[in-house]
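Since we're looking at a predicted model, the values are computed, not measured. Residue numbers run from 1 in the order of the sequence given.
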Amino acid sequence: MGLNFTGTGAAYYPRLGSNAAFFVKNNHLFMIDCGESTFRKMEARDEIRTCDKITVFITHLHADHIGSLGSFASYCLSVLQKRITVIAQDDTVVEILKLMGVPADMYDFTTDYTQIFEDGLHVEAVPVKHASDMKCCGFLIRDEDETIYFSADASELSDDILQQFKQGKIQVIYHDCTFLTKESPSHCSLKRLCEYIPPEMRNRVYCMHFGGDFMSQIKEAGFQVVTSV
């Protein structure tokens with residue numbers, strides 16, 4: 001259940017595109033966030049045309065994570081005749097889309113992440129430390145084969161997630177690695193990830209949301225690096 005990324009950059013490093021991911025299960029396209037560059041990348045892909053259903057999970061409301069959601073929802077309905085489902089922690093995103101000219105009757109919206117999707121696919125929202133003025137979450141994504149953790153924008157890796165990873169209950173982690181060494185209340189650094197993850201387990205941790213070009217240092221430390229499709 002590996003994730004595909006349409007962008008891997010942080011808000012202030014747009015040359016890598018807005019950090020966003022997707023996967024397909026049983027002809028159902030699942031997207032994580034829809035930032036400023038995401039619609040352009042997804043419009044060029046076959047999945048939005050071949051999949052019967054499209055669901056977008058929103059981690060938080062910063063522009064680099066929802067910046068093209070309005071255009072994407074409108075395009076899917078108006079051009080592809082597909083009504084997408086948007087899942088977010090609260091209904092603030094509904095008002096934002098309305099201000100973008102995308103009324104609530106153009107898509108389906110829910111705050112319920114707990115539903116079972118395709119063949120036992122479960123998605124659980126996990127609160128993360130990122131911004132003090134809005135709700136932010138990562139996701140535990142489980143199916144019959146494995147469990148992955150997607151941190152979204154997060155300055156810390158919680159002890160609960162880390163212990164599940166060490167115990168083998170979580171097989172793969174995708175984690176914010178915006179900085180090389182900078183300490184930040186909003187984003188994680190490679191230095192901090194090295195403190196969390198033992199060297200022998202780093203090959204199962206994929207770094208994302210880069211704020212600069214330090215991929216060689218990430219690989220040298222033993223971590224994986226996500227790349228855009």
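- For the residue pair H209 and H175, no side-chain donor N or O sits within less than 3.5 Å of a side-chain acceptor on the partner.
- Ring centroids of Y149 and Y174 are separated by 6.0 Å or more, keeping the two rings apart.
- Evaluated for a side-chain contact (heavy atoms from CB on, under 4.5 Å) with F210, the options L180, D176, L190, I218 yield exactly one hit, I218.
- Within the 4.5 Å cutoff, no side-chain heavy atoms of F22 are placed close to those of F30.
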Practice task
Give the intermediate values and the outcome of salt bridge (charged side-chain N to carboxylate O under 4.0 Å, His left out) for residues K169 and E146.
Solution key: CA-CA 8 Å; K169 297 177 182 178; E146 66 178 347; over 6 Å; no

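- A cation-pi arrangement is absent between R83 and Y107, since the terminal nitrogen or guanidinium carbon is not both under 6.0 Å from the aromatic centre and inside a 45° cone about the axis.
- Between atom CZ of residue F5 and atom CG of residue L16 there is a gap of 12.5 Å, rounded to the nearest 0.5 Å.
- Counting all heavy atoms, side chain and backbone alike, G138 lies closest to A152 at CA-CB, 4.2 Å.
- Contact of the L69 side chain with the V86 side chain is registered, since non-hydrogen atoms from C-beta on lie closer than 4.5 Å.
- A heavy-atom distance below 4.5 Å is found between the side chains of L140 and I170.
- For the pair I197 and L157, the tightest heavy-atom approach, listed with the atom from each and the gap, is CD1-CD2, 3.8 Å.
- Summarising the geometry of C136 relative to H60, their closest heavy-atom pair is SG-CB, 3.8 Å, with the distance given to 0.1 Å.
- Comment: R192 does not engage E156 in a salt bridge, judged by the lack of any side-chain N to carboxylate O separation of less than 4.0 angstrom.
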